[in-house]
Amino acid sequence: MEELSPTAERLVSEFVRTTRRQGAVPSRQVADRTLELLRQLVSEPGWRQTAQLVGQLRAAGRQLAAELPTQPAVGTLVCRLLKMAREEHGAHDEVHEARPHGAPPSQVDSLHRRLTAGRGAAPAADLSSELTGLRANLLAGLDELQTELDASADNIAREALSHIHADDVVLTAGRSATVLAFLRRAARERAFHVLVVEGAPFGGGHRAAAELAALPRRVHVTVIAESALFAMMARVNKVILGVHTVLADGGLRAPVGTQALALAARFHSVPVIVCAPSYKLSPQFHRGDQQEGFLESVSPESVLPYADGALVGRARLTCPLFDYVPPELVTLFVTHTGGTSPWYVYRLLNEYYDQQDHEIVQV
Amino acid sequence: MSLPHTAWIHHCGTRWLSEDSPMVIHVQTAEDCLSLGDVMRDLDAKALIQSDFLLMSVDCITNVDIVPIMKEHSARRKNDDRGSVMTLLYREATPGHPMRRHSAQVLLAADAETGRMVFHQRLPAAARGRVTFPLHIFQEQSAVELHYDLADTGLSICSPSVPQLFADNFDFQTRDHFVRGIIVNEEVMGNTVYHRRVGTQYAAHIDSLATLLTVTQDVTDRWVHPVVPENRCPQRADLRCSQRNVYRHRTAKVGSGTRLEGCVALGAGASVGSNCRLLRAVVGPGCLLGDNVTLEDAVLDAGCVLADRCEVRRSLLGPGVQLAAGARLHPGCVLGAGVRVEGAAELPQGTLLVGRPPEDEFGGGSVPEPSRLVGAGGRGFTFLPEEDEEDTLSPLRLGPAELPTAELSDSGENSEEETEDESEERLDGAESPEVVDDTKLFYSEVLDSLVRGFQEKISPENLILEVNSSKFAYNVTVQELNSLVVKAILSVPEHGSDERLAAPAFLARLQPVLTTFMPLLTNYIKSEESELSCLRALEEFSCDHSAMSACLAKVLMLLYQRDILSETTILSWHAESEGLSPESVRVRQQVQKLVDWLQEAEEESEDEESDEDSS
Amino acid sequence: MEPKAVILAAGKGSRMVDLTCQLPKCLLPVGGLPLLWYPLRLVQDAGIQSALVVVSEAVLRDHKNDIAQIPAKHGLLINVELCAVPGREDPGTADSLRHLRSADHLRATQPLLVLSCDLVTGCALRELLSAHLLRGAALTALFAAPGDPTVSPAAVTAPGPKSRHKPERDLVGLAGPEQRLCLLASEADFEEEVELRLAVLRRHPKLLVRRDLLDAHLYLLAPGLLDFVDKSPQLSSLKGEVVPQVIRAQYRRPRVQPPDDTAPAPAPAPAAVHSANTYLRQPRFAALTARFAAPVEAEDVGRTSCFAVTTHALTWRVNTTAAYLAANRAVTRLWETLPGERPPRLHPQANIPSGKVQLSDDSVVGEGSSLSERTHIQRSVVGRHCSLGPRVRLVDCVLMDHVTVHEDCVLSNCILMNSSTVEAGAQLSDCLVGVNQVVEAGVKKNREVVSQQSGHMEVY
């Protein structure tokens, strides 16, 4: 089990404290701050060998994921960085060490390799060498990640025109910045109708509707209550949703109420399109014995005001933040590289993260 | 900060006191501070505070974002109201709310626009009856809001001048004294206190066992999010929150058949036996519970050991308490650290036990006996709570021995209203203030002026001015004025004494009065209408006053001679015969002679006039 | 069911004796229209077709025709019934209602709209009526929020000598968004402390006590309350005694109705008092109407409730001389807010030489009046058949009917009553000239009342 150096420990606990204190902020902000933290960890002069860095990052990632289980960005960006570090090391090995050309880098574990390898497990990649320039390369890599994050909304929105056609009735729930960018892009060219589910008790839908109504083009916006969802679903052409986390099996951890929405969509055979930037794609699985805590309940104040003395203490009040949506209810994921079916999410995972690192996100 | 707790602070606060904590903490100890007032005076002497500060006691549990509230306070102090010294924070909670049901109630009145407090009072928890507000608070503002929907949070934002105000007034011992003193002396000292509600955020103040249990339940119910048990655990992943708000540490063990019915927290290493029933219970780290244990609204501190078949209801057990098999604790018990209860003891409601014998302050040598309640071989001494009702700094002020039950008794309120029904009405009827007629007030004022004028020989012009100003003050019509002035003049002789004089004595006294006030009469009684009202006044007075009716003729004669009353008026008055009461008839008979004489005189004068006309 | 309107005009007008000693209060002209026109218009606008006007016997004897012809003469369709309250003394408002009940003018099954004849307001009553009926309220009272301070009586100096009379304020306690009325008392009723029952605060933990509201003395009473007033002879004033009792009854649990509905709780002795709740019966469809009304708390179902409605329209209670002047000064503004046909500001049959007269926009000139050249009239009301000489200046004045003002007079803040005359060159400010009085030429008077009995106002 890797240990964190004292400075790293301090940085990580400071980060955890600040994030907890901030309460409910958009996950994009947390992602930006995570990248900042990673820059600090990489720039820290304490490590020399790649193995040391990898060890530090894994320990940091484990702690962050344990302390902030509801922020996907903290775990996934650490995994991205780890993958970058391993790739750098692998590329360096290829150049500097004797290895047959054409042989795949030793990190990648594929079925072919397993079958064709002899007895004994494939040797784990040796990361113990010191690499000059690794720090600089990783920092550059982090900058690239930042650019990718900044452009993710636009990249996702590029797909908008191929999904939203004129006079479509589109249903969305709550307020998601990615979905709003998606709809805004489509509204530049086409006129369509948007139904916004109000997202009680937090009221995100009202804010989203206000922003959509301010669009210059002729987009008709209607806010509906959750209870009207099933009735309206018959008239909807497609559902476009934002998400909190995309799990490794293609399931979603989405704002509360999404499961009912997805079930209603399935009943009426309405396609459900989920827009997700890359940092929300988590290698985490949702296990049956981990039901507790997945939903993160907050103060029931928005359900029933505490001042109402007659019911407080006599009624059991819950205010969960999230819902789990199984992968079979989702039709399509739209990421910055284009559309993906839920069954192929694992391919994206393999592209972004190294398999050895999947476990650090697993709470 | 008083003594035994200092070390405890350092122990609990390690995380905050360490170097990389975001807060800088100074711990001040003072040997002889017994109240908030002493602490403030100490701070003033040490001159430690230079800016606005948050004052809170250690028993506050809150998730309030204090920064915008402090900014509001500072902005108000700078811009709107230089004299604002304190902003008290309150939580909205309807009457009967669990948070305030067992504490002293807060009743306050504030200016509806600015929130400035103009009245503050504490009422006992089960207050009934009436409350009184001083009238001037309503007169100084155009709209005042009365608040009975607030629970005290124990938080307040203070200006840097607060320690100095405490130092100036040795009477201020608690925050309530301070607030009341500031409000009462607002005009003199120019300081103001404001109140503010914390809105949807949570803030509570623990002042009794019942409130402790309520707040514990609120925390487990996640009302104070993000101050929730799993965020406060050093390793967040170790404490899992499952549905129905059950928190289980990773290392906690629960036997088979145990029901965790809701709002339960199991600490690290806690072990619960089989077939237990836990409802709204907090089990500290390292506790061991046997089989068939029932916990309901109970808080167990670290290391408690409960043997089989124990029952604990609405009680607090300190660290290391041991209960033998079959022990039962009734609601309201508090057992201090190290208490050991042997045998199947049953502790009655409100038992307070400590593990160590209480120190004898006066240095007596006697060792107190262990309480009988703990059974043979047990360990526990009765705790005697302090007598004074002042708001001490002790973190846990124990509630009264008879602890109210969790249920709100609605019937009590309604029955109170029922029985008040009839008797209330009667009381109200008697109390309703009489509508004092303006004319009566005018009459008494005029009478006073006349009596004074007669005794002090005030000039008639001044008396006339006084009467005129009274007329305008009470909006009396002219005719009323005339008749009341006449009646007042007639009342002057007997003013101040209860006895009714006989006719001759009365007349003797009346004559000088009439002579003195003749100019008054001349002034007011000029027209025929006023003469008639004068006569009617005389008549009415005579009806009630036998002595007057005897002298009425003489009085009329006097007035006639002085040309105040003319004969035509007297005759026309006398000729009125309709609707007269028997007294009036009698009065007219008494003056019959005068009337006859007048009639003759008139006839003569008519003859003379006609003679003159003709000649 | 349509409420029965009762307009109380039997008061003596004791706070404006100079005006009411010659004319009954309900006939005092405000903007050329008799004071009673305003409450009648208010009632007619609410959809009520007839009103019962209560006057004293003397007024009924002397002015019956004048009052009865007000609707016809001034364009109202409402039907006026007059009746008198016996006795010379100033009757209490509740006493008048009791008398009307015993004389069978009022039935116990109608809601009752009681208002005072001195209420001049631009408020629309329909909303108040609907709210009252929908909520099944026992009592709904109308209050006026303070508006433009320049039109309030406090901004006006009353003519005549300085009066010690301070305007009375009321403390009104309101709770909740539906404006439950929890407290109504005059400030003068309290000496140093205001007492409140804790039951009120427990039911309405947040209570707003306002001191700046004007009580319009307009009450809508539920049908049972008339019986309550009838059976409680010790209550003589509506506002001072009956209304507070009904407000207090809100916080008492109503007695369970005996199976025999017709008889209220027996009163063994005449002095026994009983709660208003005994007489208030819940309407049959209370549960149904409660659903459509403002949200009703569970505790309120089956209980008496009193409400207040606050209006922001121009409102005056013309019961003091200052209020009378204030109302006249802003009467044209009030007319602009009234629906329907408005009274003419400058009567077509008034003789106004065009171009040579300076008339401000908020002045009123009545029928048959004639102005001469170079008259300057500002914010004044000129009644019928007046005649103003040349070069007369009127500022903030009220002239009643048949007034003659000769040339070169300067009048400021004055009231000239019927048939009075001001001779040439007089300068009056803050004065009141009584009926048939004459002000000599060239005099300067300030803060005086010129009336029959004015002789004794001077010190000789």
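Every chain is numbered from 1 and lettered A, B, ... according to where its sequence line falls, protein lines coming before strand lines. Both backbone and side-chain heavy atoms feed into the values below; hydrogens, waters and symmetry mates do not.
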Nearest 0.5 angstrom please: A/Glu296 CD to B/Glu230 CD, how far?
6.5 Å

Pair up each side-chain donor or acceptor in residues 261-268 of chain B with any protein partner under 3.5 Å, not counting sequence neighbours, and list the distances.
| residue | atom | partner | partner atom | Å |
| --- | --- | --- | --- | --- |
| B/Glu261 | OE2 | B/Arg259 | NE | 3.1 |
| B/Glu261 | OE2 | B/Arg259 | NH2 | 3.0 |
| B/Glu261 | OE2 | B/Arg277 | NE | 2.9 |

At a heavy-atom separation under 4.5 Å, does B/Arg91 approach chain A through its side chain, its backbone, both, or neither?
side chain

List the atom of A/Glu301, the atom of B/Thr200, and the distance in Å for their closest heavy-atom pair.
OE1-O, 3.4 Å

Does atom CZ (A/Arg20) have a neighbourhood of more than 12 heavy atoms from anything else shown, all under 6.0 Å?
yes

Rounded to the nearest 0.5 Å, what's the gap from OG on B/Ser242 to CG on A/Leu295? Could you check?
11.5 Å

Structural part of A/Ser297 lying under 4.5 Å from a heavy atom of chain B:
both

How far apart are the closest heavy atoms of B/Thr94 and A/Asp308, and which atoms are they?
OG1-C, 4.1 Å

Heavy-atom contacts under 4.5 Å, residues 217-227 of chain B to chain A:
B/Gln217, B/Asp218, B/Asp221, B/Arg222, B/Trp223, B/His225

Is there a donor-acceptor pair under 3.5 Å between the side chain of B/His97 and the backbone N or O of A/Val312?
no

